[in-house]
Amino acid sequence: YNTVSKLTSGGKSGIIAGVLYGAIMGVNYHFILVYHKSVIMQIITNSLTPNSTFTADQLYNATLYGIIIVFIILGLIVGAILGLIFGAVYDRIPGKKATMRGLVFGLIIWVILDVLLNFRDLVYGVLYLIQSLGIGLVASLVYGYVMGLIFERYMKREEPIEDPFADIMG
């Protein structure tokens, strides 16, 4: 397979898997916000100035209902970028099948994006961090598996057609 085919397949499969990842994460964070409402409301209230335009309730509700849409949009964008990276490094990822390579890639993405960058969430408490890391792992593995599955199907479409006259024409 050539590099352009892998990048194209990676980008397309990354978009589709990214939207799924964003939906999983958005719904999860919606429920986390509901579960941890008192802590989050306290943080919002403490960060407001006396002349704020919005109340803590308004900001909480906007976040609660907007988070799913935001995560789906981010999933689409980040998924496309990560899909291109997946296509570029595909041959270097361990595994025989695209789905296994996708799972490995998803695990690497989880370590980088969730584990290493998520400790800022300790401000919300350890339980919040554990929930966030857990659902992040599930979403990253789903992302990787789905991306690998779709990548493999796109690559099958991209297989070069053998020229039947190659032997005759030299």
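Along the sequence shown, residues are numbered consecutively beginning with 1. All values below come from the heavy atoms of this structure, side chains included, with hydrogens, waters and symmetry mates left out. These figures come from a predicted structure and were not determined experimentally.
Between D57 and M41 the shortest heavy-atom distance is OD1-CE, 3.0 Å. Closest non-hydrogen pair, A56 versus T45, comes out as CB-OG1, 3.5 Å. Of all heavy-atom pairs between S9 and M155, the closest is OG-SD, 3.2 Å. Across I135 and N28, no two heavy atoms sit closer than the pair CG2-ND2, 2.6 Å. Of all non-hydrogen atoms in G10 and M147, the two that sit nearest each other are O-SD, 4.5 Å. Across all non-hydrogen atoms, the minimal contact from I32 to S132 is CD1-N, 4.3 Å.
In summary, of the residues considered (T8, L7, N2), a side-chain contact (heavy atoms from CB on, under 4.5 Å) with S5 occurs for N2 alone.
Looking only at distances, a side-chain donor or acceptor of W110 sits under 3.5 Å from a matching main-chain atom of L133. Within the 3.5 Å criterion, the main-chain N or O of G75 finds no donor-acceptor partner in the side chain of Y143.
Taking the side chain as every heavy atom from C-beta outward, Y65 and H30 approach each other to under 4.5 Å. For the pair L137/L107, a side-chain contact is recorded, criterion being any heavy-atom separation below 4.5 Å from C-beta on. Residues L127 and Y35 are in side-chain contact: their nearest non-hydrogen atoms beyond the backbone lie under 4.5 Å apart.
Between L48 atom CG and T53 atom OG1 the span is 10.0 Å, to the nearest 0.5 Å. Taken from OH in Y145 to NZ in K97, the straight-line distance is 7.5 Å, to the nearest 0.5 Å. Between the CG atom in L141 and the CZ atom in F105 there is a gap of 13.0 Å [rounded to 0.5 Å]. Taken from CG in L64 to CZ in F31, the straight-line distance is 9.5 Å, to the nearest 0.5 Å. The distance from atom CE of M25 to atom CG of D114, rounded to the nearest 0.5 Å, is 5.5 Å.
When the side chains of ILVMFWY residues are joined at heavy-atom separations under 4.5 Å, either directly or via intervening members, V146 and F71 end up in a single hydrophobic cluster. In the hydrophobic cluster analysis, where Ile, Leu, Val, Met, Phe, Trp and Tyr join through side-chain heavy atoms closer than 4.5 angstrom, V70 is grouped apart from I73. Under the 4.5 Å side-chain heavy-atom criterion for Ile, Leu, Val, Met, Phe, Trp and Tyr, I150 and I93 are members of the same hydrophobic cluster. Under the 4.5 Å side-chain contact rule for hydrophobic residues, L82 and I77 share a cluster. Hydrophobic clustering (ILVMFWY, side-chain heavy atoms < 4.5 Å, transitive): L74 and I24 are in distinct clusters.
For the residue pair T55 and Y60, no side-chain donor N or O sits within less than 3.5 Å of a side-chain acceptor on the partner. T49 and S52 share a donor-acceptor pair across their side chains, judged by distance under 3.5 Å alone.
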>> What verdict does the side-chain contact (heavy atoms from CB on, under 4.5 Å) test give for T63 and I44, after you've listed the backbone C-alpha separation in whole Å, the side-chain angles of each residue and the deciding distance to 0.1 Å?
In response: CA-CA 11 Å; T63 303; I44 293 171; 5.5 Å; no

>> Before you tell me yes or no, could you show the steps for L20 and I16 under side-chain contact (heavy atoms from CB on, under 4.5 Å), namely the whole-Å CA-CA distance, both residues' side-chain angles and the distance that decides it to 0.1 Å?
In response: CA-CA 7 Å; L20 180 60; I16 296 166; over 6 Å; no

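A cation-pi arrangement is absent between R101 and F86 under the rule of less than 6.0 angstrom and at most 45 degrees off the ring axis. By the 6.0 Å and 45° rule, K6 does not stack over the aromatic ring of Y90.
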